[in-house]
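Both ligands and their constituent atoms are indexed starting at 1 by order of listing. One is the number of the first residue; the rest follow in order along the sequence.
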Amino acid sequence: MRTCTSSSQLQAALQRARSEGQSIGFVPTMGNLHEGHLDLVRKARGLCDVVVVSIFVNPLQFGPNEDFDSYPRTLTADKEKLFAEGVQFLYAPGVEDVYPDGMEAQTVVSVPDLGDTLCGASRPGHFDGVTTVVNKLLNLVRPDAAIFGEKDFQQLSIVRKMVRDLCIPVQIVGVATTRDEDGLAKSSRNGYLSKQERRVAPLLHQTLANCRDAIACGFDNFLQLESHARMNLLKAGFEPDYFAIRDARTLRPVTDATEEVAILVAARLGKTRLIDNVRLSLNPVSDWGMLADG
Ligand code: PAF
């Protein structure tokens with residue numbers, strides 16, 4: 001595995017693969033890799049000849065009071081995992097390589113509407129930071145396919161929209177959420193949880209699953225389902241940021257035109273902010289009530 005710390009090194013290295021006609025799969029990450037990331041890598045390996053992974057804790061997507069400084073940085077262990085998965089190229093730049101003129105002077109890519117709701121409402125500027133860095137990374141790597149986890153369902157929707165709107169020639173591939181046995185979605189931030197919090201954390205997924213099952217059984221008072229779920233989370237010690245039943249395509253409230261529902265949650269447990277989602281098809285003809293886990 002070749003590690004590049006500058007964009008020029010990376011571009012030169014990839015030029016060779018490209019000239020040999022090899023297809024390139026790309027997995028952007030912020031490191032502290034777990035099974036969820038490795039599932040994305042495996043997907044990329046299955047789709048493409050060459051796999052590029054980036055590890056960059058992107059300051060532009062963190063708010064002033066968020067965990068940028070404490071975000072776990074585990075480059076040595078990450079490299080071992082990527083090597084074992086047969087990754088050919090790692091791009092692990094410093095902030096100066098990604099933002100050579102400084103973050104203030106950086107051109108920003110912003111996806112309206114989809115980026116303004118849910119996590120966009122509670123983390124102002126977060127998705128602009130994500131789309132800006134993902135745009136830069138896609139332009140650098142020029143992959144055939146880029147792989148993202150469905151755990152960050154809003155992020156995936158926003159990246160798909162950006163790629164469509166800006167005609168970026170890449171296939172965006174979503175991969176189902178990897179979970180611990182008790183249902184907790186794998187996340188680098190799970191490492192912040194105390195033992196007691198870790199015991200409570202799976203309730204987030206259970207609450208989503210209960211809500212999904214209620215809808216699948218025909219319960220259609222979504223406001224009541226949302227407030228019941230929020231109440232249960234509060235009782236268990238979470239501070240819910242949102243628990244929302246939305247149209248999976250628009251991320252806006254469900255309408256008669258909704259074909260797929262996404263149930264999304266963000267909640268704080270102690271100092272850890274956790275997110276998760278599940279989806280449910282509402283297609284009345286072929287698969288009403290089919291469950292799609294996210
Ligand atoms: O999902 C992440 O880890 C990050 O938001 C991403 C896509 C690597 C951009 O920094």
Side-chain angles (χ1 to χ4, degrees), residues 4 7 10 25-41 43-44 51-63 66-75 77-78 81-82 87 89-95 97-99 103 106-111 114-115 118-120 122-141 143 145-163 166 168 170-178 185-192 264 266 272-277 294:
C4 303
S7 52
L10 178 73
F26 176 47
V27 182
T29 80
M30 298 205 299
N32 192 232
L33 303 179
H34 50 66
E35 268 307 299
H37 295 112
L38 301 182
D39 279 348
L40 307 185
V41 168
K43 182 72 183 180
V51 176
V52 182
V53 174
S54 64
I55 294 183
F56 178 60
V57 185
N58 172 32
L60 204 59
Q61 69 188 73
F62 287 80
E66 294 186 349
D67 56 343
F68 174 70
D69 289 332
S70 56
Y71 198 86
R73 287 154 170 91
T74 52
L75 190 59
D78 290 349
K81 291 178 188 169
L82 295 176
V87 167
F89 297 101
L90 168 64
Y91 177 47
V95 175
D97 194 59
V98 179
Y99 301 117
M103 289 198 297
Q106 172 63 44
T107 301
V108 170
V109 178
S110 185
V111 173
L114 274 180
L118 302 169
C119 284
S122 43
R123 300 183 69 190
H126 166 67
F127 286 121
D128 288 357
V130 171
T131 41
T132 300
V133 82
V134 170
N135 197 285
K136 284 181 88 116
L137 292 167
L138 291 177
N139 284 331
L140 272 175
V141 177
I147 324 295
F148 292 83
E150 289 180 350
K151 178 183 154 271
D152 297 292
F153 187 70
Q154 187 175 13
Q155 168 173 282
L156 174 60
S157 309
I158 289 170
V159 168
R160 283 193 201 282
K161 171 94 167 91
M162 173 185 78
V163 161
L166 300 181
I168 304 175
V170 63
Q171 183 196 359
I172 300 296
V173 178
V175 171
T177 305
T178 310
K186 298 263 189 197
S187 163
S188 298
R189 290 191 169 100
N190 291 353
Y192 298 153
L264 307 105
T272 312
R273 188 174 185 276
L274 299 171
I275 61 170
D276 200 353
N277 69 88

Novice: Do other residues, nucleotides or ligands put more than 12 heavy atoms under 6.0 Å from Lys136 NZ?
Specialist: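 Counting neighbours around NZ of Lys136, more than 12 heavy atoms of other residues, nucleotides or ligands fall under 6.0 Å, so yes.
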Novice: Under 4.0 Å between a side-chain nitrogen and a carboxylate oxygen: does that hold for Asp39 and Lys186?
Specialist: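 Salt bridge: no.
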Novice: Which of the numbered atoms in ligand 1 are under 4.0 angstrom from any heavy atom belonging to Thr29?
Specialist: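 Here the atoms of ligand 1 in question are 8 (C).
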Novice: Which of the atoms of ligand 1 are close to Gln155, meaning less than 4.0 Å from one of its heavy atoms?
Specialist: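 Once the distances to Gln155 are compared, the set is 1 (O), 2 (C), 4 (C), 5 (O), 7 (C).
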Novice: In terms of residue, atom name and distance, what is the protein heavy atom nearest to atom 3 (O) of ligand 1?
Specialist: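 Ranked first by proximity to atom 3 (O) of ligand 1 is Met30 CG, 3.6 Å.
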Novice: Please determine, by modelled atom types, if Tyr99 and Asn58 share a side-chain donor-acceptor pair under 3.5 angstrom.
Specialist: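 Note: Tyr99 and Asn58 side chains meet the donor-acceptor criterion.
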Novice: What are the two closest non-hydrogen atoms of Asp128 and Thr132, and how far apart are they?
Specialist: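 Distance-wise, the nearest heavy atoms are O-OG1, 2.6 Å.
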Novice: Give the numbers and elements of all ligand 1 atoms closer than 4.0 Å to a heavy atom of Gln61.
Specialist: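 What qualifies from ligand 1 is 4 (C), 5 (O), 9 (C), 10 (O).
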Novice: For ligand 1, which atoms have a heavy atom of Val133 less than 4.0 angstrom away?
Specialist: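 Answer, ordered by atom number: 9 (C), 10 (O).
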Novice: Does the side chain of His34 reach to within under 4.5 Å of the side chain of Asn190, using non-hydrogen atoms?
Specialist: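 A side-chain contact under 4.5 Å is absent here.
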